[in-house]
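Index from 1, following the sequence.
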Amino acid sequence: MGYRDNNRLERIADIQDLTMKHKTNGSTQEWIYANIINPTYKISRGTYYRYLATPAKLMLKRQNPKADAKAEADKKQLKIF
């Protein structure tokens, strides 16, 4: 079984979501890094920008194609109650 870095990709996706949430309020990426990301995640500025450039959600989706198929099948399953 190969190595899957799901935890890292989920952390990257969380950081990207936080950045997008605060950017819609008009904050800059520098302010977001200094006041929100760095105190919480303790990563460097270079790592932060590398995380922003990583397509984490797409990579997570590609790593777990069976999970998507199972979720789709669960949606189609008829429910008794």
Side-chain angles (χ1 to χ4, degrees):
M1 180 167 166
Y3 174 75
R4 293 191 181 179
D5 53 350
N6 287 342
N7 291 334
R8 184 181 65 88
L9 291 174
E10 288 173 0
R11 183 174 56 242
I12 291 172
D14 288 342
I15 289 172
Q16 290 172 348
D17 290 341
L18 277 172
T19 301
M20 290 307 296
K21 176 183 157 191
H22 289 285
K23 277 190 80 164
T24 57
N25 295 335
S27 301
T28 63
Q29 287 181 354
E30 283 295 318
W31 185 88
I32 295 167
Y33 169 75
N35 295 304
I36 297 167
I37 303 298
N38 192 27
T40 305
Y41 292 96
K42 304 290 187 203
I43 59 174
S44 70
R45 184 175 284 118
T47 302
Y48 172 64
Y49 286 118
R50 189 173 61 240
Y51 280 5
L52 292 181
T54 303
K57 291 178 184 175
L58 178 65
M59 293 170 75
L60 278 169
K61 195 178 279 189
R62 285 184 183 166
Q63 281 187 356
N64 298 323
K66 291 181 182 177
D68 291 338
K70 184 179 181 326
E72 193 67 32
D74 287 344
K75 287 180 186 177
K76 292 180 183 179
Q77 179 67 36
L78 295 175
K79 305 275 191 252
I80 295 176
F81 297 104

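The salt bridge (Lys or Arg N to Asp or Glu O under 4.0 Å) search around Arg8 returns Asp5, not counting sequence neighbours. Taking Lys57 as the reference, Asp17 meet the salt bridge (Lys or Arg N to Asp or Glu O under 4.0 Å) condition, with sequence neighbours excluded. In this view, Thr24 satisfies the side chain to side chain donor-acceptor pair (under 3.5 Å) rule with no residue, not counting sequence neighbours. In this structure Arg45 satisfies the salt bridge (Lys or Arg N to Asp or Glu O under 4.0 Å) test together with Glu30, sequence neighbours excluded. Checked against side chain to side chain donor-acceptor pair (under 3.5 Å), Thr54 has no partners two or more places apart in sequence or in another chain. Remark: Lys23 engages Thr19, Gln29, Ile32 in a side-chain contact (heavy atoms from CB on, under 4.5 Å) (not counting sequence neighbours). Listed by chain and number, the residues in a ring pair (Phe, Tyr, Trp, His ring centres under 6.0 Å) with Tyr33 are Tyr48 (sequence neighbours excluded). Contacts of Ala56 classified as side-chain contact (heavy atoms from CB on, under 4.5 Å), with partners at least two apart in sequence or in another chain: Leu9, Ile12, Ala13, Gln16.
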Let me have the donor-acceptor pairs involving side chains of residues 35-42, under 3.5 Å, with sequence neighbours excluded, atom names and distances please.
residue: Asn35; atom: ND2; partner: Trp31; partner atom: O; Å: 3.1
residue: Thr40; atom: OG1; partner: Ile36; partner atom: O; Å: 2.9

